[in-house]
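Have a look at the structure below, then the notes.
Below, each value reflects all heavy atoms present in this structure, side chains not excepted, and no hydrogens, waters or symmetry copies.
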Amino acid sequence: MWASAAPAALVATRFLRPRESCCRCCADSSSASNSIHAASRKKVVVVGAGWAGLASAHHLCKQGFEVTLLESGNSPAEEIGVKGFWRPYRNLFSAIDELGLQPFTKWTSSALYSQEGMEVKFPIFKDLTQLPTPLGALLYPEFVNLPLVDRLASVPLISAVIDFDNTDTAWRKYDKMTSRELFKQYGCSESLFQKVFEPMLHVGLFAPAEQCSAAATLAMLYYYILSHQQNFDAVWCRGTIQEKIFLPWLESMRLEGLKFCENKSVTEFIVDEDTGCVSGLVCGEEIYKADAIILAVGISTLQSTIRSSSVLQSRQEFLGVLNLATVDVVSVKLWFDRKVKIPNAANICSGFDDLISWTLLDLNSIYDEYQDEQATVLEVEIYCATQLLALKDEQIVAKVVAYLSDCIKDFKEAIVVQQNIVKHAKSATHFFPGWKFWIVGKNLNKCTARSDIYAGSYKHMMRSSTTFPNLFVAGDWILNRHGSWSKEKAYVTGLEVANRVVDYLGEGEFAKIIAVEEDEAHFDALRSLNRRFVEIRSQLPVFEYFL
């Protein structure tokens with residue numbers, strides 16, 4: 001049986017001291033009048049200094065709350081995962097403009113590589129004549145080895161995209177199958193799957209198709225590719241996201257009164273038994289009192305917190321998080337002894353070792369500091385990289401150079417003169433499926449099946465509100481209906497929980513959240529017809545039987 005919350009609260013109260021000066025930002029002196037004003041303000045603690053945590057903290061600071069931001073590292077961490085900024089990131093672009101930052105490159109083209117070289121070159125879609133979705137995605141990319149007949153094999157998939165409307169019903173329906181099953185069921189050709197969809201899924205969802213939820217697949221594909229022609233256009237940060245965005249953002253919030261406390265890991269929570277609210281949280285020997293708390297951390301960090309907290313263990317919603325999964329990522333930054341021409345600044349690469357796909361970024365084209373560099377500087381980020389974690393840096397570099405040489409032949413003659421390898425264990429969200437059987441095999445039409453039964457990730461994902469009235473969660477892995485993905489979703493959930501705090505505490509104004517762009521007219525009509533058809537079918541069991 002799990003330990004109850006009450007003993008933990010008593011232990012914390014007896015033996016831990018309240019926080020006084022925990023970090024450099026809290027040590028600043030203040031006048032007596034400021035102290036009185038601060039004492040009258042409601043206190044909010046935000047845990048996690050990523051997109052979600054910074055979004056929450058920023059809005060709540062502007063509303064006059066006393067906000068403390070806790071981070072397990074010594075500064076906001078560099079983002080792990082897909083690092084581009086796509087056109088539909090409307091809320092993020094608005095926030096960057098508000099901050100007065102100009103961190104981005106121009107809109108860039110990209111490419112997809114296999115061991116045979118370039119397979120697809122993606123244009124800047126906004127520059128091309130607007131076609132009804134999804135025609136632009138099918139006709140405008142330059143497919144080097146893929147005939148039109150294979151591309152047209154994706155058309156039946158549109159019926160699943162139309163059916164998947166981001167509702168709870170749709171998520172539960174499609175979360176029961178793998179991405180591989182989805183593409184097979186809708187008649188996708190083997191060539192189209194292997195050369196295009198499989199690598200895009202691998203770098204977008206960080207795992208092979210047989211390990212990805214069909215629901216997450218449809219949500220991602222629609223958001224980035226199939227909803228509007230220009231959505232796949234991307235810009236890139238002209239340096240690290242930490243340097244160009246997170247640190248200036250954090251400094252602006254400090255000027256608004258934010259208290260940033262570094263190297264703080266939450267181990268327990270204190271519950272007021274009279275109200276059922278969380279009155280504080282524990283970090284080592286320190287207690288942070290709060291009127292509201294936001295957990296804006298990744299799955300693995302939250303799982304670690306749950307394992308240490310008897311309070312969180314007392315609630316099923318948090319125990320369910322322990323069933324969620326993450327994947328390992330390895331980042332490799334290399335300097336070469338010569339200039340090698342990389343045709344596109346950003347690239348998707350796949351088909352090398354089993355279960356490994358990666359992105360290739362030409363930092364000479366993207367980062368300001370390397371534009372005049374005589375050598376080639378690039379970054380490779382490898383997903384589902386568990387098998388690489390045990391290798392020495394030199395072994396990883398040798399693998400990466402071999403991969404690069406397959407993609408771009410000139411790398412065979414280039415020599416690595418400097419390297420930086422960072423291993424990020426359990427760092428990216430894994431949207432795994434709830435399958436009754438697991439399709440195994442690289443060939444889409446010649447798969448075997450295992451009789452394993454998995455619950456799927458969707459049923460274990462949390463909503464932003466919890467059963468503790470003043471405890472909220474945010475991040476790219478929680479459930480919401482905005483329709484965004486990746487860092488935009490994390491940012492939006494941060495604003496959503498900030499609004500919940502405003503509502504709960506009864507002070508401040510709500511943050512304005514920009515909705516995703518509406519469906520094109522023909523897509524909206526098709527979805528309306530589909531909903532009506534599903535409604536009629538649900539009322540006619542006999543009709544359902546014959547379908």
Side-chain angles (χ1 to χ4, degrees), residues 86-87 107-164 179-205 208-209 212 214 217-234 343-344 346-352 357 359-360 406-408 441-447 519-523 525-527 530:
W86 276 260
R87 281 195 191 272
W107 298 102
T108 63
S109 59
S110 57
L112 192 157
Y113 284 87
S114 72
Q115 283 183 303
E116 286 71 42
M118 186 185 294
E119 296 286 354
V120 187
K121 181 176 180 180
F122 299 99
I124 300 174
F125 288 92
K126 185 69 172 179
D127 295 342
L128 303 173
T129 302
Q130 184 75 24
L131 297 177
T133 187
L135 296 180
L138 288 174
L139 300 177
Y140 284 142
E142 181 182 339
F143 294 88
V144 179
N145 299 310
L146 194 66
L148 179 60
V149 65
D150 283 299
R151 282 178 266 165
L152 293 176
S154 65
V155 172
L157 184 66
I158 298 302
S159 61
V161 175
I162 292 168
D163 189 43
F164 183 83
S179 298
R180 188 178 290 276
E181 287 181 275
L182 175 72
F183 286 105
K184 182 179 180 180
Q185 178 176 321
Y186 285 90
C188 179
S189 74
E190 181 69 24
S191 295
L192 178 63
F193 177 76
Q194 288 190 352
K195 293 180 181 295
V196 180
F197 282 120
E198 186 172 40
M200 292 184 71
L201 288 177
H202 206 151
V203 301
L205 296 178
C212 292
T217 298
L218 291 169
M220 184 197 70
L221 287 178
Y222 185 68
Y223 183 66
Y224 286 121
I225 301 172
L226 299 177
S227 58
H228 300 89
Q229 176 179 300
Q230 70 273 18
N231 277 14
F232 197 61
D233 294 342
N344 298 278
N347 306 273
I348 299 170
C349 305
S350 183
F352 297 85
S357 287
T359 54
L360 165 61
D406 285 335
C407 293
I408 301 172
K442 295 298 290 182
N443 189 298
L444 186 64
N445 298 312
K446 296 180 180 179
C447 305
D519 290 338
E520 294 180 13
H522 66 289
F523 233 81
L526 289 170
R527 279 196 160 150
N530 181 70

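Within the structure, salt bridge (charged side-chain N to carboxylate O under 4.0 Å, His left out) pairs that include any residue of residues 133-157 do not occur (at least two apart or interchain). Screening residues 128-149 for ring pair (Phe, Tyr, Trp, His ring centres under 6.0 Å) gives no qualifying pairs among residues at least two apart or on separate chains. Every pair passing salt bridge (charged side-chain N to carboxylate O under 4.0 Å, His left out) that includes a residue from residues 116-130 is listed here, sequence neighbours excluded: Glu119-Lys195.
Applying the salt bridge (charged side-chain N to carboxylate O under 4.0 Å, His left out) rule to Arg87 yields the partners Asp233; only residues at least two apart in sequence or on another chain are considered. With sequence neighbours left out, the ring pair (Phe, Tyr, Trp, His ring centres under 6.0 Å) criterion links Phe523 to Tyr222. Partners of Ser227 according to the side-chain hydrogen bond (donor to acceptor under 3.5 Å, both in side chains) rule, which considers only residues two or more places apart in sequence or in another chain, are Asn231.
Here Leu218 contributes atom CG and Leu182 contributes atom CG; the two are 5.0 Å apart, rounded to the nearest 0.5 Å. Note that CG of Leu192 is 5.5 Å distant from CG of Leu146, once rounded to the nearest 0.5 Å. Put simply, CG on Leu226 and CG on Leu138 are 8.0 Å apart, with the number rounded to the nearest 0.5 Å. The OG1 atom of Thr133 sits 6.5 Å away from the CD1 atom of Ile158 when rounded to the nearest 0.5 Å. For the atom pair CD of Glu198 and SG of Cys188, the computed distance is 10.0 Å after rounding to the nearest 0.5 Å.
Across all non-hydrogen atoms, the minimal contact from Cys349 to Cys407 is SG-SG, 4.0 Å. Annotation for Arg527 and Phe164: closest pair NH2-O, 2.7 Å, computed over non-hydrogen atoms.
Using cut-offs of 30° and 60° for the angle between ring planes, the Phe125 and Phe232 rings count as perpendicular.
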